[in-house]
K.L.:
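Attaching a single structure in structure tokens format; questions to follow.
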Amino acid sequence: MVQFVHPARNDITLAGVLAALSDPMRLRIVRALLQEGDCMSCTAAAPCPDIPKSTLSNHFRVLRDAGLIQTTKKGVENRNVVREADINARFPGLLKAILKHADE
């Protein structure tokens, strides 16, 4: 069975969060997850339907390693949710500010 590794709240770094969100695709994934407000599969959160699964998997791994998302296994699906409370506890308002100005 796949075991996902998620950093502890105190191990989430500003550099890691900013690096993960510097990619437009990953930023769109986080935005989609936040708009849904619930767990989403990798495919449902994908910004483009034709993105290769290996590329999509890598984007989710980067987001998970940075501490931005939590992934759980449900059947054959990987379900993802933004760790909004953890990010806001470490860096208050950062995620909201980044998403607000991402389209500028």
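Quick caveat: nothing in here was measured; it's all calculated off a predicted structure.
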K.L.:
Ile29, Met40: one ILVMFWY side-chain cluster at the under-4.5 Å cut-off?
P.N.:
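In one cluster: yes.
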K.L.:
Might you point out which heavy atoms bring Gly16 and Thr13 nearest each other, and give the distance in Å?
P.N.:
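Distance-wise, the nearest heavy atoms are N-OG1, 3.0 Å.
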K.L.:
List the atom of Phe60, the atom of Ile69, and the distance in Å for their closest heavy-atom pair.
P.N.:
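Minimum heavy-atom separation between Phe60 and Ile69: CD2-CD1, 3.5 Å.
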K.L.:
Any chance you could measure Leu95, atom CG, to Asn88, atom CG, to the nearest 0.5 Å?
P.N.:
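Going from the CG atom of Leu95 to the CG atom of Asn88 covers 6.5 Å.
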K.L.:
Taking atom CG of Leu21 and atom CG of Leu94, what is their separation to the nearest 0.5 Å?
P.N.:
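Going from CG on Leu21 over to CG on Leu94, the span is 7.5 Å.
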K.L.:
Which heavy-atom pair separates Ala46 from Ile51 by the least distance, and what is that distance?
P.N.:
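Scanning both residues completely, I find the closest heavy atoms to be CB-CG2, 4.2 Å.
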K.L.:
About how many Å separate CD1 of Ile12 and NE2 of His6, when rounded to the nearest 0.5 Å?
P.N.:
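Output value for this atom pair is 10.5 Å.
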K.L.:
Using only atom types and a distance under 3.5 Å, with no angle test, would you say the side chain of Ser22 pairs donor to acceptor with the backbone of Ala19?
P.N.:
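The answer is yes, because a donor-acceptor pair under 3.5 Å joins these two groups.
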K.L.:
Any chain of hydrophobic side-chain contacts (each under 4.5 Å) joining Leu27 to Leu14?
P.N.:
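Leu27 and Leu14: one cluster.
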K.L.:
Mind listing the closest non-hydrogen atom pair of Gly67 and Arg83 along with its distance?
P.N.:
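The answer is O-CD, 3.4 Å.
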K.L.:
Which atom names give the shortest non-hydrogen contact between Phe4 and Lys73, and what distance separates them?
P.N.:
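Result for this residue pair: CE1-N, 4.3 Å.
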K.L.:
Using modelled atom types and a 3.5 Å cut-off, is there a donor and acceptor pairing between side-chain atoms of Arg9 and backbone atoms of Arg90?
P.N.:
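No; zero donor-acceptor contacts below 3.5 Å.
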K.L.:
Determine, using the 4.5 Å side-chain heavy-atom cutoff (strictly less than), whether Val81 and Leu34 are members of one ILVMFWY cluster.
P.N.:
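The answer is no; the residues belong to distinct hydrophobic clusters.
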K.L.:
Please report the interatomic distance SG(Cys42) to NE2(His59), rounded to the nearest 0.5 Å.
P.N.:
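Going from the SG atom of Cys42 to the NE2 atom of His59 covers 11.5 Å.
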K.L.:
Report the residues that fulfil salt bridge (charged side-chain N to carboxylate O under 4.0 Å, His left out) with Asp65, sequence neighbours left out, ordered by chain and then residue number.
P.N.:
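With neighbours one apart ignored, the set is Arg61.
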K.L.:
I'd like to know if the side chain of Arg31 reaches the main chain of Leu99, judged simply by a donor and an acceptor atom lying under 3.5 Å from each other, with no hydrogens or angles considered.
P.N.:
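It does hold such a pair.
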K.L.:
Could you check if a side-chain atom of Arg26 sits within less than 4.5 angstrom of a side-chain atom of Leu68, using non-hydrogen atoms only?
P.N.:
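Side chain of Arg26 against side chain of Leu68, heavy atoms only: no contact under 4.5 Å found.
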K.L.:
Looking at Arg79 and Cys39, would you say the former's side chain and the latter's main chain have a donor-acceptor pair under 3.5 Å?
P.N.:
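Present.
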K.L.:
Considering non-hydrogen atoms only, spot the tightest contact between Leu33 and Asn80 and give its length.
P.N.:
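Nearest pair, atom of Leu33 first, then Asn80: CD2-O, 3.5 Å.
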K.L.:
Can you tell if the side chain of Thr71 reaches within under 4.5 Å of the side chain of Leu63, non-hydrogen atoms only?
P.N.:
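They are not in side-chain contact.
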